[in-house]
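Data first, discussion second: the structure below is written as structure tokens.
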Amino acid sequence: YARIDSLIVPLVVAWNGRGVSMVDVAADPGAFEARHRALTGRTAFAAGAVPTALSRAIERRLDGDRRARIDLDLRGHTAFEQDVWRKALEIPRGEVRPYGWVAAEIGRPKAVRAVGTALGHNPVPLIVPCHRVVRTDGTIGQYSLGGAANKRAILRSEGLDPDELESLAAHGIRYLGSDTTGVACLPTCRHARRISSGHRVSFRSWGAMQAAGYRACRVCRPVAEPVAAA
């Protein structure tokens, strides 16, 4: 393992021949090694630096290049957790999705709370962008890599306005539609962000969206609110 710099705080990255096994806030080496052993069951050894190729791939990924290949070593984690983390990898930079979206996309629509728990246990934050998943009501939520303030800072660096997201959530707005196309999106979908103010229609629920005759965006694929919201 070795330290790298990031937008928020210095980080420690642990890796092996299979891939990256852990990303954490830089701390006392002994504390990190103990946490790594507790998480993976394996010993981590200090190295001088993250390998150049891996460091560059991480930098590209954090800049939004999803083509940058970073192998992950997720041994010891459940299939459900890995499904959640892989789905989070599909969320584009500058956009967020609610827990319910992840649950529906992996075929477990009722597992909203379990999705939140899995994201909270993400061993490789930033590489797997769990910061791009928000609570079902649209609020920012917590973040395992240093808390909500870091999550807001990362989202802001990716072009989102956390205050606007929280304002929409506070007003109960879940979807934004265009009265010229009849399509409704999740608020941060790239199509929703292109709707001019004069043609933007807000919806507080899936039912209201459907009652108005709007159809769901095929890009962000909004889904009906689950019964048990996270």
Side-chain angles (χ1 to χ4, degrees), residues 1-26 32 35-36 38-40 42 44 50-51 53-108 111-135 140-148 150-160 188 220 230:
Y1 67 91
R3 289 171 58 123
I4 63 169
D5 292 325
S6 78
L7 169 73
I8 45 175
V9 291
L11 301 174
V12 176
V13 175
W15 72 93
N16 58 49
R18 294 172 180 257
V20 175
S21 59
M22 187 171 163
V23 175
D24 202 358
V25 175
F32 176 79
R35 179 166 161 73
H36 185 276
L39 184 69
T40 68
R42 301 186 301 276
V50 176
L54 176 57
S55 179
R56 289 176 177 170
I58 292 174
E59 182 178 355
R60 287 173 55 199
R61 180 70 64 81
L62 299 187
D63 284 340
D65 184 357
R66 288 189 288 170
R67 296 172 299 177
R69 178 170 177 173
I70 302 175
D71 293 328
L72 300 175
D73 180 5
L74 300 177
R75 286 177 292 170
H77 301 287
T78 68
F80 175 82
E81 289 175 323
Q82 294 187 45
D83 286 345
V84 169
W85 300 332
R86 290 191 181 99
K87 181 53 61 174
L89 280 167
E90 298 179 14
I91 303 173
R93 178 184 172 88
E95 300 185 23
V96 298
R97 300 288 187 268
Y99 294 154
W101 180 89
V102 176
E105 287 278 311
I106 65 171
R108 298 284 297 277
V112 179
R113 293 187 184 279
V115 164
T117 298
L119 290 167
H121 293 161
N122 173 18
V124 286
L126 289 180
I127 295 176
V128 169
C130 54
H131 61 275
R132 296 178 191 157
V133 187
V134 298
R135 291 174 58 89
I140 297 295
Q142 291 301 310
Y143 185 46
S144 62
L145 200 63
N150 281 350
K151 186 172 186 177
R152 293 171 68 89
I154 297 166
L155 291 175
R156 188 175 287 110
S157 76
E158 295 185 346
L160 288 180
T188 62
C220 67

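What you are looking at is a predicted structure, and each value in this text was computed from that prediction instead of being measured. Start at 1 with the first residue, then count along the sequence. In what follows, every heavy atom counts, from backbone to side chain, and hydrogens, waters and symmetry copies are set aside.
Counting only heavy atoms from C-beta outward, the side chains of Arg75 and Thr40 never approach each other to under 4.5 Å. The shortest side-chain heavy-atom distance between Val25 and Phe32 does not fall under the 4.5 Å cut-off. You'll find the side chain of Arg97 stays beyond 4.5 Å of the side chain of Glu105, heavy atoms only. Between Ile140 and Leu155, some side-chain heavy-atom pair lies under the 4.5 Å cut-off. With contacts defined as side-chain heavy-atom distances shorter than 4.5 Å, the pair Phe80/Arg108 qualifies. Between Arg42 and Asn16, the closest side-chain pair of non-hydrogen atoms falls below 4.5 Å. With a 4.5 Å cut-off on side-chain heavy atoms, Leu11 and Leu145 count as touching.
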| task | Report the C-alpha separation of Arg86 and Asp83 in whole Å, then their side-chain angles, then the decisive distance to 0.1 Å, and conclude whether the side-chain contact (heavy atoms from CB on, under 4.5 Å) test is met. | result | CA-CA 5 Å; Arg86 290 191 181 99; Asp83 286 345; 4.2 Å; yes

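Atoms OG and OH, on Ser21 and Tyr1 in that order, are 12.0 Å from each other to the nearest 0.5 Å. In this structure, CD1 in Ile70 is found 5.0 Å from CD1 in Ile58, a value given to the nearest 0.5 Å. With values rounded to the nearest 0.5 angstrom, Leu39 atom CG is found 5.5 Å from Met22 atom CE. With rounding to the nearest 0.5 Å, the separation of OH in Tyr99 from OG1 in Thr117 is 8.5 Å. Taking CZ of Arg152 as the reference point, atom CD1 of Ile154 lies at 12.5 Å (rounded to 0.5 Å). Of the inter-residue distances, the one linking Glu158 atom CD with Asp63 atom CG reads 9.5 Å to the nearest 0.5 angstrom.
Among Val128, Val23, Asp24, Leu74, the single residue meeting the side-chain contact (heavy atoms from CB on, under 4.5 Å) criterion with Pro123 is Leu74.
Of all heavy-atom pairs spanning Pro129 and Ala88, the tightest one is CG-O, 3.3 Å. Closest approach of Trp85 to His121, counting heavy atoms only: CZ2-O, 3.7 Å. For the pair Pro98 and Val133, the tightest heavy-atom approach, listed with the atom from each and the gap, is C-CG1, 4.0 Å. Across Ala26 and Val12, no two heavy atoms sit closer than the pair CA-CG2, 3.5 Å. Nearest heavy-atom pair, Gln142 versus Gly147, reported as atom, atom and distance to 0.1 Å: OE1-CA, 4.4 Å.
Formation of a donor-acceptor pair under 3.5 Å by the Trp101 side chain with backbone atoms of Cys220 is found in this model. Between the Asp73 side chain and the Arg18 main chain, no donor and acceptor come within less than 3.5 Å of each other. Panel note: side chain Arg93, backbone Leu62; a donor-acceptor pair is recorded below 3.5 Å. Side chain of Thr188 to main chain of Val96: a donor-acceptor pair is present (N/O by atom type, distance under 3.5 Å, no hydrogens or angles). Of the possible donor and acceptor atoms, one in the side chain of Gln82 sits under 3.5 Å from a partner among the backbone N and O of His77. A donor-acceptor distance shorter than 3.5 angstrom exists from the side chain of Arg61 to the backbone of Ala68, with no hydrogens or angles considered.
A salt bridge is absent between Glu59 and Arg56; no separation between the charged side-chain nitrogens and carboxylate oxygens falls under 4.0 Å.
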For a quick test of your reading: what N or O donor-acceptor pairs under 3.5 Å do the side chains of residues 2-10 make, sequence neighbours left out?
from	atom 1	to	atom 2	distance (Å)
Ser6	OG	Ile8	N	3.3
Ser6	OG	Val9	N	3.2
Ser6	OG	Val9	O	2.5

